[in-house]
Amino acid sequence: QAQLVESGGGSVQTGGSLRLSCAASGNSDSPYCMGWFRQAPGKEREGVAAITRDGITAYADSVKGRFTISRDNAKNTLYLQMDSLKPEDTAMYYCAKTRLRMPTGSLLNQNWYTSWGQGTQVTVSS
């Protein structure tokens with residue numbers, strides 16, 4: 001089972017941009033869906049964006065139009081382009097993957113995901 005290694009987090013001003021990456025280390029696999037989830041202190045973890053192997057995407061309403069998820073299937077790498085960042089985007093961001101073929105309406109349901117990265121911190125200051 002490949003490990004998920006995240007990078008790209010950091011501190012940015014309101015309106016700035018960050019690009020998160022999540023790459024598999026060790027043996028590669030072919031997950032059906034990969035996604036980004038985030039958790040702020042005192043809050044539950046929530047789905048941010050997800051993408052299937054075939055390119056079907058889902059976004060949380062709070063990030064729609066500002067974030068773009070993509071994946072490189074050959075490299076088994078997941079990306080999250082984050083633009084127009086807001087202080088409420090501040091959270092620990094986690095990469096996750098699953099081989100399960102869940103309904104397309106459930107791509108942001110974290111209960112379907114079976115493998116998780118270590119998280120990368122995103123801090124947006126005003």
Side-chain angles (χ1 to χ4, degrees):
Q1 190 84 351
Q3 302 294 309
L4 298 176
V5 182
E6 299 160 312
S7 62
S11 182
V12 68
Q13 299 179 32
T14 297
S17 298
L18 287 172
R19 192 190 194 205
L20 306 183
S21 299
C22 173
S25 62
N27 293 331
S28 62
D29 58 13
S30 184
Y32 172 70
C33 192
M34 302 183 72
W36 291 97
F37 299 79
R38 67 187 183 187
Q39 186 170 26
K43 295 186 176 182
E44 292 186 0
R45 188 169 58 194
E46 63 176 348
V48 177
I51 183 169
T52 70
R53 191 177 186 275
D54 295 331
I56 302 172
T57 59
Y59 294 93
D61 289 339
S62 59
V63 307
K64 202 169 296 183
R66 300 187 298 119
F67 291 8
T68 303
I69 190 170
S70 61
R71 62 188 285 179
D72 186 328
N73 291 330
K75 297 180 179 179
N76 200 22
T77 302
L78 179 71
Y79 304 96
L80 184 67
Q81 180 65 45
M82 310 166 68
D83 298 321
S84 301
L85 283 163
K86 305 175 180 179
E88 49 262 47
D89 296 317
T90 296
M92 184 72 71
Y93 283 70
Y94 298 91
C95 173
K97 66 176 182 178
T98 182
R99 297 167 67 91
L100 301 173
R101 299 177 69 88
M102 72 282 238
T104 55
S106 299
L107 299 185
L108 295 179
N109 187 338
Q110 63 184 292
N111 295 315
W112 286 96
Y113 292 83
T114 57
S115 184
W116 294 81
Q118 76 287 347
T120 184
Q121 179 67 40
V122 171
T123 302
V124 185
S125 60
S126 59

Thr68, Ile51, Leu108 screened by side-chain contact (heavy atoms from CB on, under 4.5 Å) with Tyr59, the one that passes: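 Of all the options given, the one that passes is Thr68.
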For Lys97, the option from Pro31, Cys33, Cys22 that meets side-chain contact (heavy atoms from CB on, under 4.5 Å):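 In the set Pro31, Cys33, Cys22, the residue that makes a side-chain contact (heavy atoms from CB on, under 4.5 Å) with Lys97 is Pro31.
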Audit row: Asn76, Met34, side chain to side chain contact (heavy atoms under 4.5 Å, CB included) steps and yes/no: CA-CA 10 Å; Asn76 200 22; Met34 302 183 72; 4.0 Å; yes
Close side-chain approach of Ser62 and Phe67, heavy atoms under 4.5 Å: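 SC-SC contact between Ser62 and Phe67 ruled out.
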Audit row: Asp89, Lys86, salt bridge (Lys or Arg N to Asp or Glu O under 4.0 Å) steps and yes/no: CA-CA 5 Å; Asp89 296 317; Lys86 305 175 180 179; over 6 Å; no
Approximate separation, where rounding is to 0.5 Å, of Asn109 CG and Thr98 OG1: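 Between Asn109 CG and Thr98 OG1, I get 10.5 Å after rounding to 0.5 Å.
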Approximate separation, where rounding is to 0.5 Å, of Thr57 OG1 and Arg71 CZ: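 Answer for the OG1-CZ pair, Thr57 versus Arg71, is 12.0 Å.
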Pair Arg53-Tyr32, side-chain donor/acceptor within less than 3.5 Å: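 No, because no side-chain N or O of Arg53 sits under 3.5 Å from a partner of the opposite role on Tyr32.
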Give me the atom names and distance for the closest heavy-atom approach of [X] to [Y].
X      : Y     : answer
Val122 : Leu18 : CG1-CD1, 3.9 Å
Ser70  : Leu78 : O-CD1, 3.3 Å
Tyr113 : Ala50 : OH-CB, 3.4 Å
Leu20  : Gly9  : CD2-N, 3.6 Å

ILVMFWY network linking Ile69 to Leu85, side-chain heavy atoms under 4.5 angstrom: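 Yes, one cluster joins them.
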From CA spacing to verdict: side chain to side chain contact (heavy atoms under 4.5 Å, CB included), Arg38, Glu46: CA-CA 6 Å; Arg38 67 187 183 187; Glu46 63 176 348; 2.9 Å; yes
